[in-house]
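Worth knowing before you read on, the calculation uses all heavy atoms, side chains too, and leaves out hydrogens, waters and symmetry mates. Proteins come first, then strands; the chains are lettered A, B, ... in the order of their sequence lines, and each starts at number 1.
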There are 2 protein chains.
Amino acid sequence: MATENAALVGFAQHDHAACIKRALAGAEARCATEGFRLTPARRKVLELLVQSHRALGAYAILDRLRDTGFGSQPPVAYRALNFLVKHGFAHKIERLNAFVACAHPGISHAPAFMICRICNAVAEAQSAPAEGGLGATARAAGFRIEKTVVEAEGLCPACLEQARG
Amino acid sequence: MATENAALVGFAQHDHAACIKRALAGAEARCATEGFRLTPARRKVLELLVQSHRALGAYAILDRLRDTGFGSQPPVAYRALNFLVKHGFAHKIERLNAFVACAHPGISHAPAFMICRICNAVAEAQSAPAEGGLGATARAAGFRIEKTVVEAEGLCPACLEQARG
DNA sequence: ACCTCACTTGTCATGTGATTTCATATCAGA
DNA sequence: TCTGATATGAAATCACATGACAAGTGAGGT
Ligand SMILES: [Zn+2]
Ligand SMILES: [Zn+2]
Ligand SMILES: [Zn+2]
Ligand SMILES: [Zn+2]
């Protein structure tokens, strides 16, 4: 498991402290207006995700929760993660069996991810696969698409640089 | 886990016996010309995948292998599956942690999948996500895409019909 | 025919990811 | 204050995947 080091969104440096604060404040606000309950455990998990800006496995999150005084059984992490995913504050990366904070919370969107196979950094982009050839194929086949997972694996700028030597 | 019943490719009925025979013959031929070793276990796993025409988990395959006299430890199934995936005879469905036989073996292609959330039927279509907006985003971000996973979840024609009542 | 090296297989053990279950606690609204 | 819905705590279990090592098999060189 890659340890978190650099702060990045979309592989670019940024004011991460402000980034975290903004994300949490935004989540608080949206939960308040929409009537969701952003409990301490859920808030802490979101904070962990935003803070690392990487895909974190449920058990990695669980370890960090334990260190912070929360429960230490798997459901603690999974329940919080399910809440965050369900309401669009986080996404699951199927390819890694791991989770990332959403980069565009609040806005309805079909995310696509770029995942570095070396350092596990994840950037979120927009996708519209159902509008391309896949959508046409699905209509032709009589298949109704409800959700689409798009995950590109490759090398992030930093690891690409590293690889060149 | 959905039990296999209907024979389908791309959700359509077809001559499944011929379909299986053709797939295995094709695999034999390609292994012969390219120097791969399609051993009994590998062949059997491919046969199971083609036969079910659905996503099968490694342990489901393992059960069937055991019943047929092969080894019964997980690595038996995983090794065969890894071989098949590596050489393009099968694909892994990340969303389901399961495997399907490739619908277009031999031809180099970027697969996209349509997965029925009710019956687990899987149809394989072509995709080219790296040529659309995602490709542009990746280039702009300096990310080098090596492989892309595209998996659409929804309702297959049969289950859609069922759902209408 | 024999050796050798690369690859394949069998098996046990372990690691990693996710859910079920049931009891208890908390909160919002009647 | 009562009540039903939602959230937590905790134990157990299930599901998916790999590591490690010994033993077997096959093709190519001598
Ligand atoms: Zn940030
Ligand atoms: Zn990287
Ligand atoms: Zn078929
Ligand atoms: Zn279906």
Pairwise N/O distances under 3.5 Å, protein to nucleotides 6-11 of chain C:
from: C:dT8; atom 1: OP1; to: B:R42; atom 2: NH1; distance (Å): 3.1
from: C:dT8; atom 1: OP1; to: B:R42; atom 2: NH2; distance (Å): 3.2
from: C:dT8; atom 1: O5'; to: B:R42; atom 2: NH2; distance (Å): 3.3
from: C:dT9; atom 1: OP1; to: B:T39; atom 2: OG1; distance (Å): 2.6
from: C:dG10; atom 1: N7; to: B:R79; atom 2: NH2; distance (Å): 2.5
from: C:dG10; atom 1: O6; to: B:R79; atom 2: NH1; distance (Å): 3.3

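In this entry the distance linking CG of A:D63 with C1' of C:dG17 reads 13 Å, nearest Å. The nearest whole Å value for the distance from the CG atom in A:L96 to the P atom in D:dC16 is 18 Å. For the pair A:N82 CG and C:dG17 C1', the interatomic distance rounds to 13 Å; values are reported in whole Å. Rounded to whole Å, the distance from OH on A:Y78 to C1' on C:dT21 is 17 Å. For the pair B:F36 CZ and D:dA27 C1', the interatomic distance rounds to 17 Å; values are reported in whole Å. Summarising the geometry, the separation between CG on A:L38 and P on D:dA7 is reported as 11 Å, rounded to the nearest angstrom. Atom pair A:L62:CG and C:dG15:C1' shows a separation of 15 Å (rounding to whole Å applied).
For residues 143-165 of chain A, the pairs satisfying ring-ring contact (aromatic ring centres under 6.0 Å, His included) are A:F143-B:F11, with sequence neighbours left out.
For C:dT16, the base is not stacked against the aromatic ring of A:Y59, per a cut-off of 5.5 Å between centres and 30° between planes.
In this structure, A:R30 contributes its side chain and A:H87 its backbone to a donor-acceptor pair below 3.5 Å.
Considering A:K92, A:H91, A:R54 in turn, A:K92 is the only one that fulfils the side chain to side chain contact (heavy atoms under 4.5 Å, CB included) rule with A:F99.
Residue A:E146 qualifies as enclosed at atom CD: its count of foreign heavy atoms under 6.0 Å is above 12. Within a 6.0 Å radius of CD in B:E28, more than 12 heavy atoms belonging to other residues, nucleotides or ligands are found.
Considering only side-chain N and O atoms, B:N97 lies under 4.0 angstrom from the phosphate OP1 or OP2 of D:dA17.
Inter-residue side-chain proximity for B:L65 and B:L48 is flagged as met; some heavy-atom pair is nearer than 4.5 Å. Contact of the A:R43 side chain with the A:L24 side chain is registered, since non-hydrogen atoms from C-beta on lie closer than 4.5 Å. At a threshold of 4.5 Å between non-hydrogen side-chain atoms, the residues A:E153 and B:V149 do not count as touching. Counting only heavy atoms from C-beta outward, the side chains of B:C102 and B:E124 approach each other to under 4.5 Å.
Residues from residues 84-95 of chain B that place a heavy atom under 4.0 Å from any atom of DNA chain C: there are none.
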